[in-house]
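Remember, it's 1-based here, ligands and their atoms both numbered in the order they're listed. Worth knowing before you read on, the calculation uses all heavy atoms, side chains too, and leaves out hydrogens, waters and symmetry mates.
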Amino acid sequence: MKRSVLYTHEQIIKAIEGLAKEISADYGDGLLCVCVLKGAFMFFSELVKRMDGDVRVDFVRVSSYNGNKAGTLKLLLDLNEDVAGKDILLVEDIIDSGATVSYLTKLLSGRGARSVKVACLFNKPLSQKTKVTPDYCAFSLKNDNFIVGFGLDYDEQFRCLDHVEEVRFD
Ligand code: 5GP
Ligand code: MG
């Protein structure tokens with residue numbers, strides 16, 4: 001396996017600062033930020049601490065597909081909060097096929113959320129069959145190479161790196 005640095009800690013934090021400003025400008029008080037575990041945990045904490053106003057947090061976990069991106073997703077950990085009538089910001093590490101974000105958006109809309117928007121650290125537009133456009137995105141990737149670090153893992157390794165690396169298996 002070959003690993004090379006794609007984004008430094010400084011680049012990532014700068015991008016997150018920009019996103020936090022953008023999001024804070026769009027919302028008044030009462031936003032519920034939902035962290036999609038596990039991958040988004042580091043992005044989530046760096047984002048919410050930079051946001052203004054009365055920001056609340058909650059957590060969900062969705063089963064990851066095993067190689068089959070079209071596979072059915074399951075909710076492994078549900079929110080504690082009632083989302084009815086609330087503005088929700090789903091915070092994802094990376095949008096690949098778009099299946100996770102589509103699933104969660106439908107779920108929370110179906111529970112009566114007033115609005116559901118999506119913030120991601122990374123987007124892989126080339127991987128998406130059904131186009132998912134994140135409302136807030138730090139980095140749009142030019143290829144669909146696998147990345148690790150800053151919360152993202154390879155078989156549970158590399159999540160705690162403070163930067164992001166591209167992994168190559170050739
Ligand atoms: P989607 O449902 O959009 O296909 O997949 C989203 C999930 O797939 C992400 O939350 C992440 O867990 C995983 N994933 C997709 N691409 C990558 C990648 O390049 N690196 C890592 N570590 N995980 C990825
Ligand atoms: Mg994830």
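Between the side chains of Q11 and H9, no donor-acceptor pair of N or O atoms lies under 3.5 Å.
For Q128, the closest heavy-atom approach to ligand 1 does not fall below 4.0 Å.
With a heavy-atom cut-off of 4.0 Å, D93 touches ligand 1 through its side chain alone.
Residue A99 has at least one heavy-atom neighbour below 4.0 Å for each of these atoms of ligand 1: 1 (P), 2 (O), 3 (O). Annotation for ligand 1: atoms under 4.0 Å from non-hydrogen atoms of I147 are 18 (C), 19 (O), 20 (N), 21 (C), 22 (N). Near G98, meaning under 4.0 Å from one of its heavy atoms, ligand 1 places the atoms 1 (P), 3 (O), 4 (O). Counting atoms of ligand 1 from 1 in the listed order, those under 4.0 Å from a heavy atom of D153 are 21 (C), 22 (N). For ligand 1 and K124, the ligand atoms under 4.0 Å from any heavy atom of the residue are 16 (N), 17 (C), 18 (C), 19 (O).
Close N/O approach between Y154 and ligand 1 is not found [any backbone or side-chain N/O within under 3.5 Å]. Polar contact with ligand 1: absent for F146 (N/O pair, distance under 3.5 Å).
Between C33 and F44, some side-chain heavy-atom pair lies under the 4.5 Å cut-off.
In this view, E22 satisfies the salt bridge (Lys or Arg N to Asp or Glu O under 4.0 Å) rule with no residue, not counting sequence neighbours.
Of the candidates I94, V36, N123, it is I94 that places a heavy atom closest to atom 11 (C) of ligand 1. Across the listed options L73, V148, T100, V164, T100 owns the non-hydrogen atom lying nearest to atom 2 (O) of ligand 1.
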Item to check | Trace of the ring pair (Phe, Tyr, Trp, His ring centres under 6.0 Å) decision for F139 with Y7 | outcome: CA-CA 10 Å; F139 300 101; Y7 295 108; 4.0 Å; yes

Item to check | Check against ring pair (Phe, Tyr, Trp, His ring centres under 6.0 Å), F122 and F43 | outcome: CA-CA 10 Å; F122 299 103; F43 171 42; 8.3 Å; no

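The 12-atom threshold is not exceeded at CZ of R114, counting heavy atoms of other residues, nucleotides or ligands nearer than 6.0 Å.
Using a 4.0 Å cut-off between a side-chain N of Lys or Arg and a carboxylate O of Asp or Glu, E81 and K86 qualify as a salt bridge.
Side chain of R61 to backbone of L77: no donor-acceptor contact under 3.5 angstrom is found.
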